Amino acid sequence: YQLQAAIAACHARAARADETDWARISALYATLMQVAPSPVVELNRAVAVSMQQGPVAGLAIVDGLRADKALRQYQWLPSVRGDLLEAHVALLGARVSLCNADFDDVSQRLDNARAFVGRAGARLGDAGVNDEILRLDLAGFGAGIDDARQLAARLRQGADRAAGVQ
């Protein structure tokens, strides 16, 4: 009962969930599992671990409990799993958004570089410079930019597919 009281005290000390000492609660549940093991205690530990380490860590524990006969009719198992899956999907969506913002930035930079190469080539021509090696270098640089743009587009498509974005 002392462990359960310590867990309750951790919750009571926090005004909000994000102020809760989830590391301590996870450790307390781990100790409780050693003293009085039960699938319900392990499910509660999964929630605490997910709050401390993220939904994937919690899902690993929850998925290990799915085969436990004692929890077959326990309504909180699918509820906790659903919440953790939802949190995981939200994190993936946020990561895809960040990746897409990065891809947009890279794409803009590539546009700027391509425009610079075009202007440099035009200036050389306007100045009467007829250096074939320099022109080939600029053409190769422009082709490299185009290749980088195609790679960025493929990476963006892969990130969208991974997140289920059509």
Side-chain angles (χ1 to χ4, degrees), residues 1-114 116 141 143-166:
Y1 293 112
Q2 288 179 342
L3 291 169
Q4 292 172 336
I7 292 168
C10 284
H11 285 294
R13 280 187 208 105
R16 297 188 324 252
D18 64 344
E19 295 174 355
T20 303
D21 187 352
W22 292 109
R24 177 150 171 74
I25 291 174
S26 295
L28 289 167
Y29 272 120
T31 303
L32 186 57
M33 276 299 292
Q34 293 173 353
V35 175
S38 88
V40 173
V41 169
E42 186 70 349
L43 183 61
N44 290 339
R45 186 177 79 83
V47 172
V49 166
S50 74
M51 295 299 286
Q52 176 194 6
Q53 300 175 19
V56 173
L59 279 167
I61 297 168
V62 169
D63 285 345
L65 292 170
R66 291 175 70 196
D68 193 311
K69 292 177 185 174
L71 294 180
R72 287 235 169 102
Q73 300 299 315
Y74 191 63
Q75 71 273 16
W76 299 116
L77 179 65
S79 176
V80 167
R81 188 168 190 276
D83 285 348
L84 294 179
L85 287 170
E86 184 178 6
H88 182 54
V89 168
L91 282 174
L92 288 176
R95 288 180 182 156
V96 167
S97 293
L98 288 173
C99 287
N100 285 341
D102 288 344
F103 294 145
D104 290 344
D105 181 56
V106 166
S107 182
Q108 182 61 50
R109 290 172 189 258
L110 291 171
D111 286 344
N112 294 343
R114 189 68 164 121
F116 172 79
F141 185 67
I145 291 170
D146 293 340
D147 289 346
R149 175 184 302 291
Q150 290 174 4
L151 175 61
R154 285 195 305 272
L155 289 170
R156 183 178 195 152
Q157 290 169 352
D160 285 347
R161 275 195 307 275
V165 176
Q166 297 298 327

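Quantities reported herein were computed from a predicted structural model and do not represent experimental measurements.
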- Task: Applying ring pair (Phe, Tyr, Trp, His ring centres under 6.0 Å), name anything that partners His88, two or more places apart in sequence or on another chain.
- Result: none
- Note on the structure: Shortest non-hydrogen pair, Ala70 vs Pro39, comes out as CB-CG, 3.8 Å
- Which residue pairs pass the side chain to side chain donor-acceptor pair (under 3.5 Å) test when at least one of the two sits in residues 3-21, sequence neighbours left out? Arg16-Asp18, Arg16-Glu19
- Would one find more than 12 heavy atoms of other residues, nucleotides or ligands at under 6.0 Å from atom CD of Gln53? yes
- Only pairs at least two apart or in different chains count here, so list each salt bridge (charged side-chain N to carboxylate O under 4.0 Å, His left out) that has a residue in residues 24-41. none
- side-chain contact (heavy atoms from CB on, under 4.5 Å) between Leu71 and Val40: does it pass, once the steps are laid out? CA-CA 8 Å; Leu71 294 180; Val40 173; 4.1 Å; yes
- Message: Please list all pairs meeting side chain to side chain donor-acceptor pair (under 3.5 Å) that have one or both residues in residues 68-84, counting only residues at least two apart or in different chains.
- Response: Asp63-Arg81
- Tyr1 OH to Leu32 CG distance, which is reported to the nearest 0.5 Å: 11.0 Å
- Message: For residues 26-37, which residue pairs pass the side chain to side chain donor-acceptor pair (under 3.5 Å) check, not counting sequence neighbours?
- Response: Ser26-Gln52
- Residues Leu84 and Gly58: closest non-hydrogen pair is CD1-C, 3.6 Å
- Message: Which residues pass the side-chain contact (heavy atoms from CB on, under 4.5 Å) test with Glu42, not counting sequence neighbours?
- Response: Met33, Arg45, Ile61, Leu65
